[in-house]
Amino acid sequence: MKITWLGHSGFRIEIEEAVLLVDPWLSGNPMFPIKRRDEAIAGATHILLTHGHGDHSGDAVAIASELGLPIVGIYDLVTWLQSRDGVDGIGFNKGGTVTLDGARVTMVHATHSSSIMGEAGPVYTGTESGYMIAGEGHVIYVSGDTDIMADMGWMGEYHRPDIGILAAGGHFTMDMKRAAFAARKYFDFRTVIPCHYRTFPLLEQSAEALRQGLPGVEVLEPEVLEPITI
């Protein structure tokens, strides 16, 4: 299994026979070297969106149209993109599980907001979500944009993820200290990868507080387009 950061909250996750592009915001992303776009999306099988905000869904339609991929996510957002842009999609909802080329993807709750810019202003696109992605003997928790929430208690107990990809940049999501608290209290991670940080000066620039708050857990600060092999 390989997990590759695309900057901000974007990831390329190669698991089972699937190559999932999670929240692939590439164009205009200060962290992403746009000359390496083809490398980032090569061989992708699905696009997985946590919510509609442009820093998560911004390149979804373009990539889906170019490669003929389905966009996977909450029903409201996916069906809206299907009707607006004619892309393929797999819409489901919280508690639902879809199997994507051998990877089992379950949608779980997050607490944030979700909209996409329309011609007359923001269009609300269902609710924000996270995912539990199971395959190859691992479960990855992709938190999506969220704060700490009590739902993490049952989510950790039921799904037992060993890898956490946690939004932890602060201001719009949990910061590093809050993410460390959530990870200690609700989960038993072996590996934690922070995201939604370093993109802008407004966000946290280091994961040191996360590392200090999680003794005994492997906290990996990713580098863009450098695969992490699990």
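Hydrophobic clustering places V217 together with I148 (ILVMFWY residues linked when any side-chain heavy atoms are closer than 4.5 Å, directly or through intermediates). Hydrophobic cluster membership is shared by I71 and L67, with clusters built from Ile, Leu, Val, Met, Phe, Trp and Tyr side chains linked at under 4.5 angstrom. Follow the hydrophobic side-chain contacts under 4.5 Å out from M1 and you reach L21 in the same cluster. If you chain together hydrophobic residues whose side chains sit under 4.5 Å apart, V22 and V19 never meet in one group. Hydrophobic clustering of Ile, Leu, Val, Met, Phe, Trp and Tyr side chains at less than 4.5 Å, counting indirect connections, keeps M117 apart from V61.
More than 12 heavy atoms of other residues, nucleotides or ligands lie within 6.0 Å of CZ in R84, so this atom counts as buried by the packing criterion. Crowding of K94 atom NZ: a count of heavy atoms from other residues, nucleotides or ligands under 6.0 Å exceeding 12. Annotation for E136: atom CD counts as buried by contact number, over 12 foreign heavy atoms lying within 6.0 Å. When the shell of 6.0 Å around CG of D188 is examined, it contains 12 or fewer heavy atoms from other residues, nucleotides or ligands. Shown here is R184, whose CZ atom has more than 12 heavy atoms of other residues, nucleotides or ligands within 6.0 Å.
Counting only heavy atoms from C-beta outward, the side chains of F92 and T97 never approach each other to under 4.5 Å. Side-chain atoms of L225 and P33, non-hydrogen and from C-beta on, do get closer than 4.5 Å to each other. Contact check for I165 versus F11: side-chain heavy atoms found under the 4.5 Å cut-off. Annotation: side chain of P70 is in contact with side chain of I90 (closest heavy-atom distance under 4.5 Å). Proximity of I133 to V139: side-chain heavy atoms (C-beta onward) are nowhere separated by under 4.5 Å. Side-chain contact between V105 and V72 is absent, with no heavy atoms from C-beta onward closer than 4.5 Å. Counting heavy atoms from C-beta on, the side chains of I34 and S27 come closer than 4.5 Å. With contacts defined as side-chain heavy-atom distances shorter than 4.5 Å, the pair L202/F172 qualifies.
Using a 4.0 Å cut-off between a side-chain N of Lys or Arg and a carboxylate O of Asp or Glu, R37 and E66 qualify as a salt bridge. A salt bridge links R198 with E223; the closest basic N to acidic carboxylate O contact falls under 4.0 Å. A salt bridge links R211 to E221: at least one charged side-chain nitrogen sits closer than 4.0 Å to a carboxylate oxygen.
Contact between G126 and S114 at its shortest, heavy atoms only, is O-CB, 3.5 Å. In plain terms, the two heavy atoms of P194 and A207 that are nearest each other are CG-CB, 3.8 Å.
With values rounded to the nearest 0.5 angstrom, S143 atom OG is found 6.0 Å from M152 atom CE. Here CG of D101 is found 8.5 Å from CG of L20. Values are rounded to the nearest 0.5 Å. Rounding to the nearest 0.5 Å places CG of N93 at 10.5 Å from OH of Y75. Note that CD of E39 and CG of L6 are 10.0 Å apart. Values are rounded to the nearest 0.5 Å. Remark: I163 CD1 to H138 NE2 distance equals 5.5 Å, nearest 0.5 Å.
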I63 and L69: CA distance, side-chain angles, deciding distance, side chain to side chain contact (heavy atoms under 4.5 Å, CB included) verdict: CA-CA 7 Å; I63 296 170; L69 306 182; 4.3 Å; yes
M107/Y131 under side chain to side chain contact (heavy atoms under 4.5 Å, CB included): CA gap, chis, key distance, verdict: CA-CA 5 Å; M107 187 183 295; Y131 294 102; 3.8 Å; yes
Side chain to side chain contact (heavy atoms under 4.5 Å, CB included) between S57 and I116, worked out: CA-CA 8 Å; S57 69; I116 198 166; 3.7 Å; yes
Trace of the side chain to side chain contact (heavy atoms under 4.5 Å, CB included) decision for I140 with M132: CA-CA 6 Å; I140 306 167; M132 297 288 178; over 6 Å; no
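Ring planes of F189 and Y141: parallel class, angle under 30° (limits at 30 and 60°). Using bins of under 30°, 30° to 60° and over 60° for the plane-to-plane angle, the ring pair H56/H51 lands in the tilted bin. Using the six-membered ring where Trp is involved, W25 and F200 have ring planes that are tilted, between 30° and 60° apart. By the 30° and 60° cut-offs, the orientation of the rings of W154 relative to H159 is tilted.
Side-chain contact, T111 with D147: no donor N or O sits under 3.5 Å from an acceptor N or O. Judged purely by distance below 3.5 Å, without hydrogens or angles, the side chains of H8 and D55 pair a donor atom with an acceptor atom.
With T50 as the partner, the side-chain hydrogen bond (donor to acceptor under 3.5 Å, both in side chains) test is satisfied by one option alone out of T146, D145, D23: D23. For the side-chain contact (heavy atoms from CB on, under 4.5 Å) criterion with L81, the lone passing option out of T79, V78, L77 is L77. Screening M31, H171, M176, Q205 for a side-chain contact (heavy atoms from CB on, under 4.5 Å) with Y197, the sole residue that qualifies is M176.
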